[in-house]
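What follows is a set of notes on a single structure, which appears directly below.
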2 protein chains.
Amino acid sequence: MPDLLTIGELSARSGVAPSALRYYERLGLIRADRTGGNQRRYARAELRRVAFIRISQQVGVSLDEIREALDSLPEARTPSPQDWARLSASWRSRLDERIRLLSRLRDDLDGCIGCGCLSLQRCTLNNPEDTLAGEGPGARLVLPRPTDDPTLASSLN
Amino acid sequence: MPDLLTIGELSARSGVAPSALRYYERLGLIRADRTGGNQRRYARAELRRVAFIRISQQVGVSLDEIREALDSLPEARTPSPQDWARLSASWRSRLDERIRLLSRLRDDLDGCIGCGCLSLQRCTLNNPEDTLAGEGPGARLVLPRPTDDPTLASSLN
DNA sequence: GTGTGAGTTGAAGTGGACTTCAACTCAAGG
DNA sequence: CCTTGAGTTGAAGTCCACTTCAACTCACAC
């Protein structure tokens, strides 16, 4: 019934390096039982956690946020399919947003390639939310990572 | 005709911090003239470079690769719209690939949420290239970042 | 029992992309 | 002229997600 996995087995089955698994454990993302000789033994359920972690990273979520999400799982019992579904659904909007952003970038890039502007001068890239037209003339860059500068303005050429 | 920008101006117009602009310069991504007093003065064309850098980062390209791309621009003359178009087009397939991956993740996640498996047990997440079915029974994770482990196998439950 | 490959630890190192700091110098308005 | 905000430098620091290392110990097939 237990059927525990060694760190090497979990690593092989998840595609995550043992060192990374130990790291995840230190961060409180996964847990392991120990043998008498202090070696880790993972319940099969941990495989799901590792899967969730890797998927979440793909969506662009930090390990810290992933930990928070995993903390919301019931401790008493093995998480149910519904528990996992709830967690997965919680990333859905971020995934949508990320896809939307990249698709837009692609479209804009196509447009820019067509006209050769690329400079973001006229294309929608300038106005991430399409709502900044009032703040002075000209272009504004998309801010990929958190940047807190709302005072950008003016044209490129 | 020159109409040069100070680092503060370039920062404001690009949304990139001055420290980052200096960093880009150290890496050879952008360049600046100097005043008699050793202050940077940027030609307007640098704004395009910064735009290209930020767009490229969005696509998931490292600064090192961006530098290589920028190095392919003509040094003698100000890059033409065609030059920029060529560079932008060079990221297009990476952008497509990234979008494809995320879209697929979304679809799979939807499926998993529906069935509650999330564990990647049966869904396509397991087989990134749809071609690994022969290598032993069971699941395989998508490998988001370079991982060189082709020996993963077995089921999740 | 012994050899070997797998596992253990804490500490330190890596790489990417910047930011912060201290100690200065410049540029421009009043 | 003088003040003040903007700019300069190199070195060091930060954050994230790990990896590497040395020095051991375990587990298990023979």
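Order of the sequence lines fixes the chain letters, A, B, ..., with proteins taken first and strands second; residue numbering starts at 1 for each chain. Note that the coordinates shown come from a computational prediction; the quantities given were computed from them, not determined experimentally.
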Fill in: Residues forming a side-chain hydrogen bond (donor to acceptor under 3.5 Å, both in side chains) with Arg26(A), sequence neighbours excluded
none
Worksheet item: With sequence neighbours excluded, what pairs up with Arg67(A) under the salt bridge (Lys or Arg N to Asp or Glu O under 4.0 Å) test?
Response: Asp64(A), Asp71(A)
Worksheet item: Nearest-Å distance, CG (Asp64(B)) to C1' (dG15(C))?
Response: 11 Å
Worksheet item: Could you run down nucleotides 4-11 of chain C 5' to 3' and tag each one B, S or - for protein heavy-atom contact under 4.0 Å?
Response: ---SBB--
Discussion item. Could you work out, with side chain to side chain contact (heavy atoms under 4.5 Å, CB included) as the rule, every residue matching Thr78(B), not counting sequence neighbours?
Written reply: Ala45(B)
Worksheet, complete the sentence: With sequence neighbours left out, the residues meeting salt bridge (Lys or Arg N to Asp or Glu O under 4.0 Å) with Arg106(B) are Asp96(A)
Worksheet item: Tell me: CD1 of Ile53(B) to P of dA17(C), nearest whole Å?
Response: 11 Å
Worksheet item: Rounding to a whole Å, what distance do you find between Gln57(B):CD and dG15(C):P?
Response: 19 Å
Worksheet item: Can you list the residues that meet the side chain to side chain contact (heavy atoms under 4.5 Å, CB included) rule with Glu9(A), with sequence neighbours excluded?
Response: Leu5(A), Thr6(A)
Practice prompt. To the nearest Å, give me how far apart OH (Tyr23(A)) and C1' (dG13(C)) are.
Written response: 14 Å
Worksheet item: Does Thr35(B) have a side-chain nitrogen or oxygen under 4.0 Å from the phosphate oxygens OP1 or OP2 of dA27(C)?
Response: yes
Worksheet, complete the sentence: Rounded to whole Å, CG of Leu27(A) lies from P of dC16(D) at a distance of 10 Å
Worksheet item: Do the side chain of Asp107(A) and the main chain of Arg104(A) share a donor and acceptor less than 3.5 angstrom apart?
Response: no
Worksheet entry | Below 4.0 Å: OP1/OP2 of dA17(C) and any side-chain N or O of Tyr24(B) | no
Worksheet entry | Rounded distance in Å - CD1 (Ile66(A)) to P (dA17(D)) | 7 Å
